[in-house]
Protein chains: 2
Amino acid sequence: MENKTAVTALSALAQESRLAVFRLLVQNGPDGLNPGVIAEHLDIPLPTLSFHLKTLAQSGLVSTVQEGRFIRYRADMAAFNRLTDFLLEDCCGGELQRCATPNTDQ
Amino acid sequence: MENKTAVTALSALAQESRLAVFRLLVQNGPDGLNPGVIAEHLDIPLPTLSFHLKTLAQSGLVSTVQEGRFIRYRADMAAFNRLTDFLLEDCCGGELQRCATPNTDQ
DNA sequence: GCTATATTTTCATAATATTGGAACTATGGA
DNA sequence: TCCATAGTTCCAATATTATGAAAATATAGC
């Protein structure tokens, strides 16, 4: 993963409404949710939510499927895992036993 | 963890220089690094870096210890883990076997 | 005290993101 | 074909964030 890809994903999550949307989608797992349901659940106006869903989808953290008049949004867990792996890449220079005892020499 | 705390932490990471700083600190583990070394490593002007380090420290993802004229910055792995736990809280409504087979019904 | 080093703060400019009303598009059913 | 429903796009006002030069602070050693 590239630094810029990660910044895009983190920026997508770094906003109150979008974070709430993502967590709600995580909680709904493979079922996902429609914008209408999300808007009602989180009390966000639909145009505002649509803007945020677009941002999340473009970041890759959320996927979409059109189903007739409805659109199903889902959290993409694999994309999220790639993100956290990138953040922790080469943690403690690879000597993992040091990760287990942080701040030992404070 | 509160939604706002998480947004603050994610915002701290959602910037190219700060993300690079955080990853560098993760890689240096408990040893951490001084601003001077980080600035040289990432080629960021010190005032700009100082601004970003402050943002990271205020988010809780990075801790600081004054050591004479030097300041040691460290990644706070526990804080990071709290953040990811919050993001994945109640994943798939608690039925974890659903998490193992995402997008089954696509 | 003086000097060099390490780091932060101030501040003005520039860039970027968020909001939601109104208008628009697309689909399914009568 | 017409209507209701689901969702998006447009747009202009507002708010937030990043940048780095210059000045300030703080510590160590002489």
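Quick note on labels: first sequence line is chain A, next is B, and so on, each numbered from 1. The basis for the numbers below is simple: all heavy atoms, side chains too, and nothing from hydrogens, waters or symmetry mates.
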In B:V21, B:L46, B:I44, the residue satisfying side-chain contact (heavy atoms from CB on, under 4.5 Å) with B:P35 is B:L46
May I ask you to test the A:Y73-A:V62 pair for a side-chain heavy-atom distance under 4.5 Å? yes
Given side chains that start at C-beta, do those of A:L25 and A:R74 come closer than 4.5 Å, heavy atoms only? no
Exactly one candidate in A:N3, A:L10, A:T5 meets side-chain contact (heavy atoms from CB on, under 4.5 Å) with A:V7; the answer is A:N3
B:R18 and B:F51: which non-hydrogen atoms are nearest, and at how many Å? NH1-CE2, 4.2 Å
Is A:T48 close to A:S17 at the side-chain level, that is, under 4.5 Å between some pair of heavy atoms? no
Walk along DNA chain C from 5' to 3' and tell me the first and last nucleotide with an atom closer than 4.0 Å to a non-hydrogen atom of chain A. C:dT18 to C:dG28
Measure CZ/B:F70 against C1'/D:dA26 and give the value in whole Å, please. 13 Å
How long is the line joining CG of B:L42 and C1' of D:dA18, in whole Å? 17 Å
Do any of residues 45-61 of chain A sit with a heavy atom less than 4.0 Å from DNA chain C, and if so which? A:P45, A:P47, A:T48, A:F51, A:H52
Mark yes when over 12 heavy atoms from residues, nucleotides or ligands other than A:D85 sit less than 6.0 Å from its CG; otherwise mark no. yes
May I ask you to check whether over 12 heavy atoms, not counting those of B:E40, lie within 6.0 Å of atom CD? no
Does a side-chain N or O of A:Y73 approach OP1 or OP2 of D:dA6 to a distance below 4.0 Å, or not? no
Counting only non-hydrogen atoms, which of residues 3-24 of chain A are less than 4.0 Å from DNA chain C? A:Q15, A:R18
Electrostatic pair B:D31-A:R98, nearest N-O below 4.0 angstrom: yes
A:I38 atom CD1 is separated from D:dG7 atom C1', nearest whole Å, by 12 Å
Within 6.0 Å of CD in B:Q66, more than 12 heavy atoms from elsewhere: yes
